[in-house]
Number of protein chains: 2
Amino acid sequence: MAIPDNPESGPRRTRGRPRGWDDKTAQNTIKSLDRAMAVFDHVSRGSGLALSTIAAETQESPATIYRILVTLAGRGLVEFDAEAQLWHIGPHAFTIGTRFLRRTSLVDRARPVLRRLMEATGETANLGVEREGAILFVSQVETHASIRAFFPPGTLSPMHVSGIGKALLAAMPQDRLERLLAGQDFASFTEHTITDRDRLADELRRIRARGYAVDDEERNLGMRCIAAPVFDMNAEAVAGVSLSGPTSRVTPDAVVGLSGEVIAAAEALTRAIGGVARREV
Amino acid sequence: MAIPDNPESGPRRTRGRPRGWDDKTAQNTIKSLDRAMAVFDHVSRGSGLALSTIAAETQESPATIYRILVTLAGRGLVEFDAEAQLWHIGPHAFTIGTRFLRRTSLVDRARPVLRRLMEATGETANLGVEREGAILFVSQVETHASIRAFFPPGTLSPMHVSGIGKALLAAMPQDRLERLLAGQDFASFTEHTITDRDRLADELRRIRARGYAVDDEERNLGMRCIAAPVFDMNAEAVAGVSLSGPTSRVTPDAVVGLSGEVIAAAEALTRAIGGVARREV
DNA sequence: CTTGTGTTTTTCATATCGTGAAAAATGATT
DNA sequence: AATCATTTTTCACGATATGAAAAACACAAG
């Protein structure tokens with residue numbers, strides 16, 4: 001299967017581009033609009049909020065909140081439950097929000113995240129998804145170092161020997177986990193491969209606890225791998241981000257520091273595809 | 001919109017309710033906010049709009065548009081594609097929008113059911129609810145097959161051309177059915193679309209008899225769909241589960257077998273949300 | 001390299017319009 | 001009825017959103 005990895009392409013009619021498009025330009029924001037959006041966000045989080053509650057929690061005057069809500073309600077972005085006198089997120093917010101899906105491709109969104117991760121750490125960054133009980137590596141940004149982990153996009157790997165695979169297994173509901181493992185034969189690749197079901201269960205517990213998985217020469221001798229899960233809109237783990245490098249650089253000591261970067265990248269990607277992390281649910 | 005709302009839900013201290021909550025109170029709206037939301041909506045509709053385009057189409061000054069966009073971008077509601085210099089809907093809009101679905105546990109409960117249905121049949125499984133006389137597809141588990149039915153969550157479809165729509169119509173009390181159909185124009189999508197009121201009545205009788213509905217290329221040529229209704233605690237059909245796939249796989253012969261799976265899934269979901277099927281009443 | 005063109009930002013002076021305090025309205029509670 | 005806890009509305013003020021125009025910018029053409 002060819003992985004469509006289209007780097008820079010398409011129309012490029014760039015004119016009048018400003019220099020810094022970081023967030024320094026955040027001086028030109030409209031204050032009142034920003035505050036209104038904060039209220040919008042707040043309402044969407046809660047499940048039925050009273051006007052007074054919102055006012056208190058957002059530190060705004062009830063009058064202001066009232067006008068914001070009425071305005072948003074006029075466009076269906078929020079909704080008023082007249083029975084219970086509570087404000088909810090409205091249907092049109094859903095309609096607008098789902099329009100985002102039209103242009104979301106996990107792979108495209110992952111590129112900048114992977115690049116940043118590689119640049120921050122100097123190691124090869126990977127993106128993998130689950131396909132038929134195995135991990136399919138779909139995208140990658142390679143390090144510049146001459147000694148590097150190498151496995152091209154398109155590679156398939158059993159779940160129990162890949163960092164991403166273990167990260168996904170650890171983030172999975174129990175029943176689905178069991179169904180997936182039922183079809184596995186726990187093939188051994190190196191002397192470090194986990195081939196025992198109980199040891200894997202232990203490992204998954206550990207992964208859940210610390211938030212990232214490590215493939216410690218379980219697939220290839222001399223290669224270590226750190227991975228974290230990416231969640232979709234349903235808080236289901238749909239992909240994993242990983243960092244892979246030679247054991248000489250990715251030492252057990254280094255893993256601790258690198259894991260932070262990997263987790264941050266996974267979280268950034270989760271946000272970029274409109275996902276929500278398990279714990280936010 | 002008939003999504004079962006959990007009646008428990010927090011404080012119910014209803015006081016100081018206003019009289020008319022129609023739209024007469026739309027005098028208290030905030031002008032600038034409303035205009036900003038119009039821009040937001042506009043951006044979400046388009047697929048990549050230039051600042052100048054938005055300004056022209058919304059009749060606002062470029063400067064204003066710029067500030068609105070920068071503000072919204074600060075919250076991830078819109079996004080700026082620096083390559084192409086185009087504005088898009090942002091990931092956070094999606095995040096907020098999907099929170100609409102949390103108002104009901106229906107979607108959450110449906111996930112495992114849909115997944116199992118997909119795995120059992122190999123075809124894409126969908127969940128839809130009725131909203132304003134149309135079917136809103138709110139959740140989906142896609143098949144892995146490369147030839148697949150595709151319509152993203154958030155899609156709206158007239159009731160008479162969707163399997164779920166017909167299943168819901170068939171499970172509806174007569175008076176509500178008539179009220180709903182009154183507002184329909186029976187738009188035709190393919191040569192198989194049912195555009196005649198009497199033929200639809202026949203079809204609904206057939207659906208009631210066998211317990212499932214079939215969309216036989218009535219919406220999209222080459223796509224067949226099998227659907228069954230999901231009931232809430234009041235034995236009202238509040239949602240539908242469907243299976244959709246290409247006519248090459250979902251043949252008339254296959255429909256018989258698949259329908260059993262669909263009905264089972266719908267019944268499982270009915271149980272999962274504490275509903276009761278019509279006949280159990 | 002210089003000039004020209006179609007963009008996108010920033011500046012700035014102006015009056016619009018959003019704001020909060022407080023009063024009025026409203027329905028639940030006693 | 002009277003009281004209370006909310007939610008609307010009113011009102012006067014000044015913060016701030018606004019559009020025009022100028023500046024900054026990228027690219028194309030000369």
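Here is how names work: the chains are called A, B, and so on, in the same order as the sequence lines, proteins then strands, and each is numbered from 1. Everything numeric in this text was worked out from a predicted model, so none of it was measured.
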Give the rounded distance in Å between these two atoms: [atom1] of [X] and [atom2] of [N].
| X | N | atom1 | atom2 | answer |
| --- | --- | --- | --- | --- |
| A:Gln85 | C:dT26 | CD | P | 13 Å |
| B:Lys31 | D:dA17 | NZ | C1' | 12 Å |
| A:Tyr66 | C:dA23 | OH | P | 20 Å |
| A:Leu86 | D:dT6 | CG | P | 12 Å |
| A:Leu33 | C:dT19 | CG | C1' | 16 Å |
| A:Leu51 | D:dT9 | CG | P | 12 Å |
| B:Glu60 | D:dT18 | CD | P | 8 Å |
| A:Ile68 | D:dT8 | CD1 | P | 15 Å |

Any heavy-atom pair between the side chains of [Y] and [X] that's under 4.5 Å?
| X | Y | value |
| --- | --- | --- |
| A:Ile226 | A:Glu123 | no |
| B:Phe40 | B:Ile89 | yes |
| A:Ile54 | A:Leu69 | yes |

Judged by each residue's nearest nucleotide on DNA chain C, which is more toward the 5′ side, B:Ala50 or B:Arg67?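 Nearest-nucleotide comparison on DNA chain C picks B:Ala50.
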Proximal nucleotide (of [options]) relative to the [X] side chain:
| X | options | answer |
| --- | --- | --- |
| B:Phe80 | C:dT9, D:dA17, C:dT19 | C:dT9 |
| B:Ser52 | C:dT8, C:dT9, C:dT19 | C:dT8 |
| B:Ala63 | D:dA20, C:dT19, D:dT7 | D:dA20 |
| B:Ile30 | D:dG19, C:dG20, C:dT19 | C:dT19 |

Measuring from B:Ile164:CD1 to B:Phe137:CZ, what's the distance to the nearest 0.5 Å?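 Reported to 0.5 Å precision, the distance equals 4.5 Å.
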Where do A:Asp34 and B:Thr71 land on the side chain to side chain donor-acceptor pair (under 3.5 Å) test, with the steps shown first? CA-CA 6 Å; A:Asp34 192 61; B:Thr71 306; over 6 Å; no
At under 4.0 Å between heavy atoms, what does B:Ser61 touch on the DNA or RNA strands: base, sugar-phosphate, or nothing?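 Here B:Ser61 touches the bases of the nucleic acid.
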Between A:Pro62 and A:Arg35, the residue closer to the 5' end of DNA chain D by nearest nucleotide is A:Pro62
